[in-house]
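Notes for the one structure printed next.
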Amino acid sequence: MSPMKMTSSPELAAVDVVLTDVDDTLTRRGRLSSATLAAIERLADAGVAVVPVTGGCAGWCDHIVRAWPVAAVIGESGALRLKRAAGGGLDCHSVRPLATLRDEQRRLLTIAERAMQAVPDARLAADQPYRLADVAVDHAQDVPPLAAAQVERLLATFREDGARARASSIHVNAWFGDHDKATMAAWVLEHDLGLSAVEQQQRVLFIGDAPNDAPLFARQALSVGVANLAPHLDQLPQPPRWLCEAGHGEGFVEMAEHLLAARRAHRGRH
């Protein structure tokens, strides 16, 4: 793993898709700064498709894809993808029919009740009513940050009942099925953006901040961690290729500046 400032320009110059986590990668304490939003817009204006990949709820994804300069958004830990439809409105792709996902969600809510009995300081995430597929338990957003052992207890309760569960910087997200952020990202890259398996490694960069981003750090050859990932590196089977000097949204801006500079330098040589 190298500092982002050491990044070789030829590799970055080929990137025209950025997959990005949202919470604590684009935001800081839940806020999106004007500088970070402007960086997303500069990337889009330069022909780089930005695709947020988040554990956030479908309602939040609806807002993002309508209001931000992004190509699509992946939500609820890979359960669904939203993008603008060619004729207006939104196109939603989900891993299984929404009715099936809602049935699974009801089972997950029952498990969540048991998990919160075991960890009384935890709460359902405030955005749970706007979720279509998964369940999110708040461990550091609107509740005081829980101890690592408490977060592990939440994760274990879901896993003991056959669900998948991962912790982001603010939530424990739980779902049924083999999908995750990486599998839906691969679907979007192939079916929405038309990239081959080889092109997905050469033209796509992922940036994230937390252990639940591990599948995408492992999948993408070009991967970046914002600085606030550093305390969690020992929890990652494979660390990102580069680490930013700045954290949160400022780290995303740092990455975007390196990427845009590499593209400009490449054009200047050709």
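Source: prediction; values computed, not measured.
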Worksheet item: Are side-chain N/O atoms of His139 and Gln150 paired as donor and acceptor at under 3.5 Å?
Response: no
Item to complete: Please confirm whether the backbone N or O of Ala182 pairs with a side-chain atom of Asp180, one donor and one acceptor, at under 3.5 Å?
Response: yes
Discussion item. Closer than 3.5 angstrom, by distance alone: can the side chain of Glu190 be matched with the main-chain N or O of Leu195 as a donor-acceptor pair?
Written reply: no
Show me, pair by pair, the donor-acceptor contacts under 3.5 angstrom made by side chains of residues 205-219, not counting sequence neighbours?
from	atom 1	to	atom 2	distance (Å)
Asp209	OD1	Thr25	OG1	3.1
Asp213	OD1	Lys181	NZ	2.8
Asp213	OD2	Asp209	N	2.9
Asp213	OD2	Ala210	N	3.2
Arg219	NH1	Gln200	OE1	3.3
Arg219	NH2	Gln200	OE1	2.4

Fill in: Test side-chain contact (heavy atoms from CB on, under 4.5 Å) applied to Ala38 - qualifying residues, sequence neighbours left out
Arg42
Worksheet item: Got a sec, which residues hit side chain to side chain donor-acceptor pair (under 3.5 Å) with Ser169, two or more places apart in sequence or on another chain?
Response: Asp24
Worksheet item: Would you say the side-chain atoms of Glu245 pair up with the backbone N or O of Pro3, donor to acceptor, closer than 3.5 Å?
Response: no
Worksheet item: Residues sharing Val253's hydrophobic cluster, by side-chain heavy-atom contacts under 4.5 Å among ILVMFWY, directly or via others?
Response: none
Item to complete: Can you see which heavy atom on Ser33 is nearest to which on Thr36, and at what distance?
Response: OG-OG1, 2.9 Å
Worksheet entry | Side chains of Arg84 and Leu90 in contact at under 4.5 Å (non-hydrogen atoms) | yes
Fill in: Polar side-chain atom of Arg263 near backbone of Ala46 as donor-acceptor pair, under 3.5 Å
yes
Fill in: Straight-line distance of Ser77 OG to His179 NE2, nearest 0.5 Å
7.0 Å
Practice prompt. Mind running salt bridge (Lys or Arg N to Asp or Glu O under 4.0 Å) on Asp91 and Lys83 for me, showing each step along the way?
Written response: CA-CA 5 Å; Asp91 177 82; Lys83 70 171 185 176; 5.2 Å; no
Discussion item. Distance check, rounded to the nearest 0.5 Å: Glu41 atom CD versus Leu37 atom CG?
Written reply: 6.5 Å
Worksheet entry | Joint hydrophobic cluster, Val73 plus Trp175, side-chain heavy atoms closer than 4.5 Å | no
Worksheet item: Would you say Pro69 and Val50 make side-chain contact, with heavy atoms under 4.5 Å?
Response: no
Discussion item. Any non-hydrogen side-chain atom of Leu101 less than 4.5 Å from a side-chain atom of Val95?
Written reply: yes
Worksheet item: Is there any side-chain hydrogen bond (donor to acceptor under 3.5 Å, both in side chains) pair reaching into residues 119-130, and which pairs are they, with sequence neighbours excluded?
Response: Asp127-Arg131
Worksheet entry | Atom pair CG/CD of Leu43 and Glu257 - distance to nearest 0.5 Å | 10.0 Å
Item to complete: Could you tell me whether Asp178 atom CG has more than 12 heavy atoms of other residues or ligands within 6.0 Å of it?
Response: no
Worksheet item: Is any side-chain heavy atom of Asp62 less than 4.5 Å from a side-chain heavy atom of Cys57?
Response: no
Discussion item. Within this structure, what is the CE-OG distance for the pair Met255 and Ser223, rounded to the nearest 0.5 Å?
Written reply: 11.5 Å
Worksheet item: Any donor and acceptor pair, going by atom type alone, linking the side chain of Ser94 with main-chain N or O of Leu80 inside 3.5 Å?
Response: no
Worksheet entry | Heavy-atom pair of closest approach, residues Leu12 and Ala262 | CB-CB, 3.6 Å
Worksheet entry | Exercise: do Thr110 and Arg106 side chains pair donor with acceptor under 3.5 Å | no
Practice prompt. On the 0 to 90° scale, with breaks at 30° and 60°, tag the His93-Trp187 ring pair as parallel, tilted or perpendicular.
Written response: parallel
Worksheet entry | Members sharing Leu109's hydrophobic cluster (side chains within less than 4.5 Å) | Leu108, Ile111, Met116, Val119, Leu124, Val135, Val137, Leu146, Val151, Leu154, Leu155, Phe158, Val172, Phe176
Worksheet item: Looking at NE2 of His248 and CG of Asp23, how far apart are the two atoms once the value is rounded to the nearest 0.5 Å?
Response: 10.0 Å
Discussion item. Using a 3.5 Å distance criterion without hydrogens, assess whether the side chain of Gln141 forms a donor-acceptor pair with backbone atoms of Ile170.
Written reply: no
Worksheet item: Which heavy-atom pair separates Glu254 from Ala246 by the least distance, and what is that distance?
Response: OE1-N, 2.9 Å
